[in-house]
Amino acid sequence: MTNKDIAERFERIADLLQIKGEVIYKILAYRKAAESLLGLGRDVREVHREGGLEAIPGVGKAIAEKIAELLDTGELRFYDELTATIPESLAELLAIPDLGPKKIKLFWETLGITSLEALESAAKAGRLRDLPGMGAKSEAKLLEGIASLARRGDRMLLGDAVPVARDLLGVLRQVPGVVDAQVAGSLRRWRETVGDIDILVASRDADPVMSAFTSLPRVARILGRGPVKSSVEFVDGSRAQVWVHPPERFGTALQYATGSKDHNVRLRELALAAGFSLSEHALKRVSDGTELLCATEAEVYSALGLPYVPPELREDRGEIPAAQRNALPRRLELADIQSSLHNHSTWSDGKASVLEMAQAALARGLRVLAITDHSSGLGVTQGVDAEGLSRQRQAIEAAQAELGSAIRILQGIEVEIRADGSLDLDDRTLAGLDIVVASMHTGLRQPREQVTARMLAAIRNPHVDVIGHPSGRLIQRREAADLDLDAVFAAAAASGVTLEINANPQRLDLSDVYVRRAVDLGIPLSINTDAHRPEHFDFLEYGVATARRGWAEAEQVINCWPLERLMRWLAGRSPA
DNA sequence: GCCGTTTTCGGCCCGACTGTTTTCAGTCG
């Protein structure tokens, strides 16, 4: 039973308690505990073994006991008793937009509805409209909600949402009267997936903004349109919403809309302690109701005695106490990145030559590029073997000669960690390369002991410099391998190998919470695009954002080191 | 159900929008 399994169970409990009508704070406690487990960065099984469950934020005696029961027995009596009184299937109805716990309870108690199908047919038969608080419009809206649930897929990947959001910003900034437009919400925090696209506009005249937004060609339906806020569904089923605030209140508004919810709750507590009520409109002095307006977010934080907290840290993972101690991480910038150390070319499954890849990297300001094609053992790609590597060396030297000193091209390999834990190339071949990335592409579903042992063997191989996409996950498509990450991190810390932050938006692996753990343990990190074609170098910003979310600073990221330091480090790792 | 430089008890953020309301409830973020 993993952190994620337990978090899902607690979310389910919260859903059912909400429908049951339990006090909201008990429900929030379960949600907080679930969130906390997902952000823990440690295996909860390990924490339980150490007896430290109650030290987890948001976990007290009662929830700690439930975690322990789940881990020890795989069962939870509390959950069984709960589902004996309230049908488990009701929780799924909460996914329907604009349908909440109160209505679900109403439908269940008056009409015995416990499933989506039953709810849909009742609405179609007009049996809901006469219930208290309902009407013909609510009934139609509910049917629309059910239809949209069927249309809507998973949350959007960050990498899919960013280009759309930039598009929207471009349009909205052209609207007359608009002073500024910014992305907000989880997108601005660079979360790996986003539920919808939130945009905040600074203008005195909201109406033209709303019109421009709701009449975009990609809008399939308008979900709501008020004087200062509108939301729409796009033709692909994704959603976006826009708020408009006057420029002098843009700071509080942007801060509010960026979240996270938990971060905002903390901030509001802090404001209250200082005698202010904080809303998206202003900081309002409680004593006399006077408003303190903030045009920028920095003013909001400053008014509360804090340095500016960058959006990617606003997850209530200790950033506010750190800000109070003036101990926030120094922000990693895209411009700090000098190199990409895991990339492909036509020597394996890449789509561009060494020279084309180097030119593309150079065009994006990189000073060092490692070509690390797959080793031949990975059956799905045309990999390189020891003999191929010597021919590839000539191609790299030719490209280097062509580009001169503007960029340094390193020869490396992405060597396969085989199913038996050995590497796909012998030590002598690896020793002859500038850099070695070791990755797993197969056998990711092996049992925990086996897959962990493979990983540990690769980490301890003195020729290996980077562990590529360590968990092997593909966001929303493939679960991470069942690695014992405590063991993996301990071995990495001991060996000095770097763990990769793979910047491909389908991977983002290590993920933010594990970056944070690596940072705490002092494990060096490597942010790489894993580019298979020139435009993939643009992934770098996602890797940087993930590193920031994990509180990484430039010093710990080897891609930020100048060439000389990087080469010294590489030379020092591989035994002569 | 959690938590504590006002508290081990009594708090726990605040407003927009919609639809049903004649003053508000439900949902969302």
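Quick note on labels: first sequence line is chain A, next is B, and so on, each numbered from 1. None of these values were measured; they are calculated from a predicted model.
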Next on the checklist: One pair to check against side-chain hydrogen bond (donor to acceptor under 3.5 Å, both in side chains): Y30(A) and E11(A). What are the steps and the verdict?
Outcome noted: CA-CA 7 Å; Y30(A) 279 100; E11(A) 281 292 346; over 6 Å; no
Separation of the [atom1] atoms in [N] and [M], to the nearest angstrom:
N: dG11(B); M: dT6(B); atom1: P; value: 16 Å
N: dG15(B); M: dG10(B); atom1: P; value: 26 Å
N: dG26(B); M: dT21(B); atom1: P; value: 13 Å
N: dA25(B); M: dT20(B); atom1: C1'; value: 8 Å
N: dC2(B); M: dT7(B); atom1: C1'; value: 14 Å
N: dC13(B); M: dC17(B); atom1: P; value: 22 Å
N: dC12(B); M: dA16(B); atom1: C1'; value: 22 Å
N: dT23(B); M: dT18(B); atom1: C1'; value: 15 Å

Rounded distance in Å - [atom1] ([X]) to [atom2] ([N]):
X: R268(A); N: dG15(B); atom1: CZ; atom2: P; result: 8 Å
X: I24(A); N: dC14(B); atom1: CD1; atom2: P; result: 16 Å
X: D316(A); N: dC12(B); atom1: CG; atom2: P; result: 17 Å
X: R189(A); N: dG29(B); atom1: CZ; atom2: C1'; result: 11 Å
X: Q255(A); N: dG29(B); atom1: CD; atom2: C1'; result: 13 Å
X: R325(A); N: dT5(B); atom1: CZ; atom2: P; result: 14 Å
X: Q18(A); N: dC28(B); atom1: CD; atom2: C1'; result: 11 Å
X: E280(A); N: dG29(B); atom1: CD; atom2: P; result: 14 Å

For [X], report the nucleic acid contact type (base, sugar-phosphate, nothing); a contact means any heavy atom under 4.0 Å.
X: A136(A); answer: sugar-phosphate
X: V23(A); answer: nothing
X: L28(A); answer: nothing
X: K66(A); answer: sugar-phosphate
X: L94(A); answer: nothing
X: P132(A); answer: nothing
X: S277(A); answer: sugar-phosphate

Item to check | Donor + acceptor pair across side chains of E315(A), H263(A) (<3.5 Å) | outcome: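 No, no side-chain donor-acceptor contact under 3.5 Å.
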Checklist entry - Will you find, in the side chains of D236(A) and S238(A), an N or O donor that is under 3.5 Å from an N or O acceptor? => result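 Result is yes, a qualifying pair exists.
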Checklist entry - Is there a side-chain hydrogen bond (donor to acceptor under 3.5 Å, both in side chains) between D72(A) and H48(A) once you walk through the steps? => result CA-CA 10 Å; D72(A) 294 340; H48(A) 176 38; 3.1 Å; yes
Item to check | Quiz item: cation-pi between R239(A) and F234(A), 6.0 Å / 45° | outcome: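 Cation-pi check for R239(A) and F234(A): fails.
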Next on the checklist: Does the Lys NZ or Arg CZ of K66(A) fall within the cation-pi geometry relative to F78(A) - under 6.0 Å from the ring centre and within 45° of the axis?
Outcome noted: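 Pair K66(A)/F78(A) counts as cation-pi.
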Could you please name the option among [options] that lies closest to any side-chain atom of [X]?
X: P227(A); options: dC12(B), dG29(B), dC17(B); answer: dC17(B)
X: K137(A); options: dG26(B), dG1(B), dT20(B); answer: dT20(B)
X: S138(A); options: dG1(B), dC12(B), dT20(B); answer: dT20(B)
X: Y30(A); options: dA16(B), dC14(B), dG1(B); answer: dG1(B)
X: L272(A); options: dC17(B), dG29(B), dC14(B); answer: dC14(B)
X: D196(A); options: dC2(B), dC17(B), dG29(B); answer: dG29(B)
X: K141(A); options: dC13(B), dG19(B), dC2(B); answer: dG19(B)
X: K102(A); options: dC28(B), dG29(B), dG26(B); answer: dG26(B)

Item to check | Contact under 4.0 Å: H281(A) side-chain N or O vs dA16(B) OP1/OP2 | outcome: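 True: H281(A) side-chain N/O within range (under 4.0 Å) of dA16(B) OP1/OP2.
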Checklist entry - Any side-chain N or O of K103(A) less than 4.0 Å from the OP1 or OP2 oxygen of dA25(B)? => result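 For dA25(B), neither OP1 nor OP2 has a side-chain N or O of K103(A) closer than 4.0 Å.
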Next on the checklist: Between R517(A) and F489(A), is there a side-chain heavy-atom distance shorter than 4.5 Å?
Outcome noted: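 Counting from C-beta outward, F489(A) and R517(A) do come under 4.5 Å.
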Item to check | dG15(B) base / Y256(A) side chain donor-acceptor hit below 3.5 Å | outcome: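 By the distance-only test, no, there is no pair.
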